[in-house]
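Every chain is numbered from 1 and lettered A, B, ... according to where its sequence line falls, protein lines coming before strand lines. Nothing here was measured: the structure is a model prediction, and the numbers come from that model. Computed over heavy atoms, backbone and side chain alike; hydrogens, waters and symmetry mates excluded.
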Amino acid sequence: MSKLVESLYAEIEKIQAIDIHSHVRQLEPSAASLRELLSYHYYTELAFSSGLPKEKMADHLPDDQMVPALVEAMADFDNTVQYGWMIELARKLFDFKDRRLTGDNWKALSDAAAAKLGGDGWMDEVLRRGNIEKVFLTNTFSEDLEGFDRRLLVPCLRCDDLVFGIARPETLDALTARTGVTVSDIASLKKALAAVFDYFVQHDAKSAAISLPPEFVCESVKPSEAEPLLAAALQGEPLSDQESAHLRSFILYLLADGCREFKLPMQLMIGPVRGAYHHGVKGGTDLVANTGSLAQYTDLFNRFGDVTFTVSYLSPTMAHELLTYTWIFQNVRASGHWWYANIPGYIEPDLRCRIEALPRTKLLGYYSDAYYVEFTLPKFNMYRRCLARVLAGQIEMKRLSEGEAMAVAICLLRDNPKEIFGV
Amino acid sequence: MSKLVESLYAEIEKIQAIDIHSHVRQLEPSAASLRELLSYHYYTELAFSSGLPKEKMADHLPDDQMVPALVEAMADFDNTVQYGWMIELARKLFDFKDRRLTGDNWKALSDAAAAKLGGDGWMDEVLRRGNIEKVFLTNTFSEDLEGFDRRLLVPCLRCDDLVFGIARPETLDALTARTGVTVSDIASLKKALAAVFDYFVQHDAKSAAISLPPEFVCESVKPSEAEPLLAAALQGEPLSDQESAHLRSFILYLLADGCREFKLPMQLMIGPVRGAYHHGVKGGTDLVANTGSLAQYTDLFNRFGDVTFTVSYLSPTMAHELLTYTWIFQNVRASGHWWYANIPGYIEPDLRCRIEALPRTKLLGYYSDAYYVEFTLPKFNMYRRCLARVLAGQIEMKRLSEGEAMAVAICLLRDNPKEIFGV
Amino acid sequence: MSKLVESLYAEIEKIQAIDIHSHVRQLEPSAASLRELLSYHYYTELAFSSGLPKEKMADHLPDDQMVPALVEAMADFDNTVQYGWMIELARKLFDFKDRRLTGDNWKALSDAAAAKLGGDGWMDEVLRRGNIEKVFLTNTFSEDLEGFDRRLLVPCLRCDDLVFGIARPETLDALTARTGVTVSDIASLKKALAAVFDYFVQHDAKSAAISLPPEFVCESVKPSEAEPLLAAALQGEPLSDQESAHLRSFILYLLADGCREFKLPMQLMIGPVRGAYHHGVKGGTDLVANTGSLAQYTDLFNRFGDVTFTVSYLSPTMAHELLTYTWIFQNVRASGHWWYANIPGYIEPDLRCRIEALPRTKLLGYYSDAYYVEFTLPKFNMYRRCLARVLAGQIEMKRLSEGEAMAVAICLLRDNPKEIFGV
């Protein structure tokens with residue numbers, strides 16, 4: 001089968017992908033250095049998990065102390081795909097020749113990286129080598145969406161702060177700064193949100209996005225119930241857990257209203273348990289739980305039949321639910337595999353099921369979730385390999401011809417993102 | 001491995017299967033037309049899910065409007081196994097030569113289908129081509145079980161109405177019509193149920209069957225508790241959720257009593273969430289949930305040690321539980337893969353585990369769940385391919401010889417259904 | 001791929017494994033006879049499950065009645081890996097030549113087994129043929145840890161009795177006998193536990209171990225809350241479910257304190273539902289549930305950052321959680337596959353994910369959980385085959401070279417157990 005996988009991969013590589021979710025910074029899309037690339041939380045958290053003390057990775061240490069310590073610790077997980085991303089990135093972008101980072105070769109790689117990172121046209125070059133046409137951003141409502149090429153980097157409204165931190169002074173101040181509206185009740189909140197949506201759509205935003213914990217309670221809350229909760233929150237009064245849940249759900253529904261009015265799909269990323277590990281490195285304290293269910297979202301999906309929801313799960317115990325929801329709900333799309341589920345051993349079985357059971361037009365293959373544009377390349381290539389293996393399986397079992405398999409691949413990587421998000 | 005899969009499939013095809021669960025109508029087992037075949041809920045729901053408005057599939061539209069619209073929409077999911085069922089059926093039964101339905105070829109297929117469907121001996125011919133000996137029906141208690149060949153189509157008592165709708169006037173009237181008993185209390189309910197079982201067993205019924213939602217509460221309820229609940233329900237008084245749950249469980253246990261007395265296995269199909277999607281097409285509004293557990297049924301399995309329970313799950317999160325229950329409980333059998341779990345990507349991993357861990361005599365391979373007898377053919381063949389792939393894997397890893405693998409296949413498709421249901 | 005699997009297996013077989021969890025009896029590590037080997041609960045429960053009445057396996061029956069009856073019943077599950085263990089064991093240890101046990105060959109095998117079992121140096125011979133260096137025991141606190149080779153058989157403190165039966169007279173009496181301490185309150189309980197740990201560490205114990213039900217509530221309980229609960233329990237007063245849960249959790253944390261002080265890793269085996277099947281054979285009444293979550297253990301893992309927890313799950317619905325916990329928590333290790341999850345179809349997909357996502361230094365490959373040392377051989381070989389297949393897949397997809405793959409295998413089977421448990 002290997003030959004078939006390779007020939008499929010060669011074809012899939014030629015599909016110019018759309019990356020529908022990243023944390024790339026619009027004004028500084030690249031990492032500044034090898035050290036910054038290696039500081040991606042995947043590496044620091046796995047190094048820490050393998051036993052490297054945090055002090056050895058401290059910000060204040062000079063490169064020639066921090067990097068070799070990290071590189072040495074990384075040898076403990078050189079079996080992983082996460083490690084593989086770094087190697088593929090180094091080889092494809094910085095002409096690195098080795099299979100492993102070592103105390104002997106990191107310096108040369110660091111120099112090679114420094115020579116390229118942030119140079120003129122570098123991002124375009126990275127995307128060209130990764131064969132990625134556009135990268136979606138994740139912008140908080142207060143971000144300035146000017147000063148960059150919005151055809152290449154596509155703004156998206158990140159809703160987390162609005163749902164989970166509406167009553168924080170910094171949220172309220174930033175809302176006023178963005179919209180001119182002082183939020184004092186539901187009416188002014190709606191006005192502020194409308195102004196946010198308007199600003200984003202004026203600046204070519206193509207979706208709203210939010211990540212939700214496994215126990216999120218999503219239900220329709222009446223304005224008459226929400227009004228006093230919002231008032232109390234704005235005055236700094238503590239809410240009970242249930243009151244908080246209701247207020248959050250109310251705001252999520254307001255945001256869905258915005259998506260409806262401004263015709264934006266909403267990206268739901270379901271599953272992170274925030275801050276569960278007290279001793280972890282920065283970005284390495286969140287976990288997953290097997291206890292969430294999409295049942296929590298049926299009311300949302302039912303009420304907003306004209307809003308497209310693209311959904312990702314963090315726990316594979318939700319994979320089959322998402323398959324069935326995409327199967328039945330006209331407005332639900334199965335989206336990519338992310339973070340703790342972004343591992344070939346999880347992607348491939350689920351991808352196989354999706355391709356066997358769901359309309360190819362309803363599948364969003366992948367997104368990078370990258371913080372630096374450099375990581376879009378190896379992550380997309382990892383996914384392309386998964387896709388090649390899964391499609392080779394379908395061809396081998398004579399379910400799909402090679403042409404039909406490639407039609408699926410084109411939908412997943414390019415056509416569906418373009419059609420669903422209108423880019 | 002492909003060659004081994006093909007040679008195994010060729011052998012497996014020769015095993016005459018028993019289809020232990022379908023919704024085939026005993027007096028009208030075939031679809032009336034291509035249009036009716038295409039109206040199978042899998043196609044209408046996936047077409048709707050892909051964006052086809054319901055109006056384009058409306059009953060009142062003439063064939064030459066409805067069928068081409070549906071065929072065009074189906075192109076969006078021509079990657080799926082569900083689509084594949086239609087093509088295999090068309091090729092094996094109606095001499096269709098193409099790989100895809102199109103605006104150009106549907107008319108000729110429709111004519112070819114019309115020429116055969118419902119003709120004399122057609123059902124026998126379908127079953128002969130599908131190499132299926134018997135097809136089990138799913139009959140509500142009120143159905144007439146005469147006027148058809150009961151060796152070919154095996155009656156089964158569907159219990160859903162009795163458990164979930166005992167107090168509905170139409171249920172009560174139909175019970176009286178069937179049994180002569182007017183249900184007014186537990187004693188008369190028992191009498192009516194006994195008469196139903198008696199009628200079914202007299203008419204060669206071979207099992208009882210029920211589908212249960214993931215949150216079904218299955219527990220022993222005392223008659224002294226159930227009596228006033230039944231009385232209230234019969235008088236149209238509303239019951240609380242807990243009271244309804246207790247009454248339902250009480251009736252399920254009465255039905256298990258009936259299975260014991262009349263020596264019928266009980267087929268439990270666990271998992272559908274009914275009516276969860278408000279906008280779906282007919283038959284396309286139900287969902288699945290990852291929250292159910294077989295733990296809810298341990299009391300039932302413990303109390304009715306002399307009743308055989310054949311169990312299917314709708315959510316793969318229950319797959320391992322079912323494996324362990326079949327492993328330990330003498331009276332539990334792992335049954336086939338159905339509906340949202342009837343996808344090779346779900347079937348094969350679970351089937352592998354069952355074959356590696358469970359007595360082959362306790363495994364029921366598959367059932368079609370078909371509404372028209374025509375679909376028994378492609379569904380069983382899909383399963384046979386899964387079985388061939390899984391067994392090839394076992395042979396390749398030298399766990400089983402080819403002869404041993406075929407012994408497993410014969411158990412799954414034929415011998416176990418015959419032995420367990422006594423056909 | 002078969003050739004690659006075989007060559008990898010040949011290399012993996014050469015790695016001398018460490019078996020970190022078994023129930024082997026230190027003074028009588030071997031079974032006494034073929035009958036005793038066949039009485040392993042896997043065989044009696046599967047035979048019973050397949051329909052063999054318990055009376056046919058009764059203790060009082062002579063071998064030539066009981067064994068042939070069991071052997072005949074076992075034919076119903078000769079497709080399983082559990083059956084395969086018996087055959088591989090018979091072939092590798094007793095020169096058995098057949099693929100199946102029959103009424104004709106069991107007697108000769110029984111004689112061959114009798115000639116070897118329990119002979120001088122037999123255990124060493126078994127371990128040599130299985131290429132296993134050390135086997136960990138599971139010893140209750142009251143066991144005598146003298147009179148055997150503690151370099152070969154490594155003592156471990158089993159904590160189940162202490163957590164789940166602290167107030168039983170036999171527990172208290174045995175604690176006094178072991179430690180000289182009469183437990184009357186928390187202070188004396190701590191003293192007794194410290195003496196237990198001390199005795200175990202003095203006798204080269206290398207871990208503590210406990211199996212926990214899926215619904216175990218693990219949370220920090222204050223001594224001031226626990227004191228009256230312990231007092232009530234010691235006086236035989238009934239505790240509410242919640243009180244029992246709190247007392248158990250309090251004791252588990254005391255044991256974690258002991259692990260910290262005495263520098264022992266704690267093995268958590270999460271998932272058995274005890275006594276769920278009322279009619280099962282001895283050892284065949286426990287089940288699994290898909291409802292547990294590692295979230296119940298985050299507090300424990302957070303508080304005891306300097307205790308290493310090696311974790312196994314019984315329900316695969318916890319597999320991804322364990323992967324992410326091992327990924328993030330410095331003090332968590334993903335451990336082997338056991339009991340209902342000890343099936344290649346469950347092991348391989350999870351093992352693939354672990355190798356793709358986790359530092360190879362944090363993975364414990366396998367343990368036998370065997371009651372007789374003879375079973376360590378076929379169980380480890382089954383795992384080695386799984387490992388060979390998974391690694392072959394990684395090599396085929398060009399993620400790992402053969403050398404890198406073998407480095408992973410050595411970590412899993414030998415180096416990590418040695419490093420983590422200090423043997």
Side-chain angles (χ1 to χ4, degrees), chain A residues 1 290-296 298-299 301-303 305-306 313 315-333 348-363 390-391 393-401 403-405 407-408 411-412 419, chain B residues 1-2 5-6 42 45-54 73-84 99-100 214-215 271 273 276-281 284-292 314-319 339-349 382 385-386 388-389:
Chain A
M1 195 159 93
N290 65 10
T291 47
S293 168
L294 279 181
Q296 300 160 244
T298 46
D299 182 72
F301 298 156
N302 270 311
R303 278 177 199 272
D306 46 358
Y313 59 79
S315 168
T317 48
M318 223 185 250
H320 182 252
E321 283 192 340
L322 179 52
L323 182 140
T324 64
Y325 278 61
T326 304
W327 177 329
I328 289 295
F329 279 93
Q330 201 174 46
N331 54 329
V332 173
R333 301 289 179 283
E348 291 179 30
D350 190 22
L351 180 55
R352 174 186 176 182
C353 291
R354 291 181 180 187
I355 290 173
E356 289 178 344
L358 298 179
R360 64 174 189 278
T361 52
K362 297 197 74 184
L363 304 177
V390 170
L391 290 173
Q394 298 293 312
I395 293 167
E396 204 192 26
M397 66 177 82
K398 302 195 174 153
R399 274 224 330 111
L400 299 178
S401 69
E404 289 157 2
V408 171
C411 277
L412 265 63
E419 193 274 337
Chain B
M1 197 161 93
S2 292
V5 172
E6 277 169 38
Y42 287 90
E45 72 199 15
L46 286 168
F48 174 68
S49 174
S50 303
L52 185 68
K54 282 184 226 175
M74 287 174 70
D76 279 354
F77 55 88
D78 64 6
N79 54 292
T80 63
V81 290
Q82 301 94 315
Y83 187 95
R99 280 178 68 82
R100 292 293 179 261
E215 78 283 2
V273 181
Y277 182 33
H278 303 160
H279 311 294
V281 299
T285 63
D286 301 339
L287 280 163
V288 68
N290 65 9
T291 47
L314 200 56
S315 169
T317 47
M318 223 184 250
W339 199 355
Y340 292 126
N342 185 26
I343 299 295
Y346 292 113
I347 294 172
E348 290 179 30
M382 180 188 81
R385 287 184 195 100
C386 293
R389 284 189 290 267

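Counting all heavy atoms, side chain and backbone alike, P344(B) lies closest to R352(A) at CB-NH2, 3.3 Å. In plain terms, the two heavy atoms of S49(B) and F329(A) that are nearest each other are OG-O, 3.8 Å. Between S401(A) and R99(B), the shortest heavy-atom distance links the atoms N-NH2, 3.6 Å. The shortest non-hydrogen separation linking S293(A) to T291(B) is CB-CG2, 4.0 Å.
Looking at R399(A), the atoms closer than 4.5 Å to chain B (heavy atoms on both sides) sit in the backbone and in the side chain alike. Using a 4.5 Å cut-off between heavy atoms, L323(A) contacts chain B through its side chain alone, with no backbone atom that close. In this structure, chain B has heavy atoms under 4.5 Å from both the backbone and the side chain of E321(A). The part of T298(A) that comes within reach of chain B is its side chain, from C-beta onward, which places non-hydrogen atoms under 4.5 angstrom from that chain. For L52(B), the part lying under 4.5 angstrom from a heavy atom of chain A is the backbone only.
Within the 3.5 Å criterion, the main-chain N or O of R360(A) finds a donor-acceptor partner in the side chain of N79(B).
Heavy-atom pairs under 4.5 Å with chain A were tallied for V281(B), D78(B), V288(B), T317(B); the largest tally goes to V288(B). When the candidates A388(B), G280(B), A289(B) are compared by the number of heavy-atom contacts under 4.5 Å with chain A, A289(B) comes out ahead. Contact tally against chain A (heavy-atom pairs below 4.5 Å) for W339(B), Y340(B), F48(B), F77(B): the top residue is Y340(B). Ranking E404(A), K362(A), R354(A), H320(A) against chain B, the residue ahead of the rest is H320(A), based on heavy-atom pairs under 4.5 Å.
Applying the ring-ring contact (aromatic ring centres under 6.0 Å, His included) test to H279(B) and every residue at least two apart in sequence or in another chain returns Y277(B). Residues forming a side chain to side chain contact (heavy atoms under 4.5 Å, CB included) with Q82(B) (at least two apart in sequence, or on another chain): W327(A), A357(A), Y42(B), Y43(B), L46(B), T80(B), W85(B), I343(B).
At a threshold of 4.5 Å between non-hydrogen side-chain atoms, the residues M397(A) and R389(B) count as touching.
Atoms OG1 and CG, on T324(A) and L314(B) in that order, are 8.0 Å from each other to the nearest 0.5 Å.
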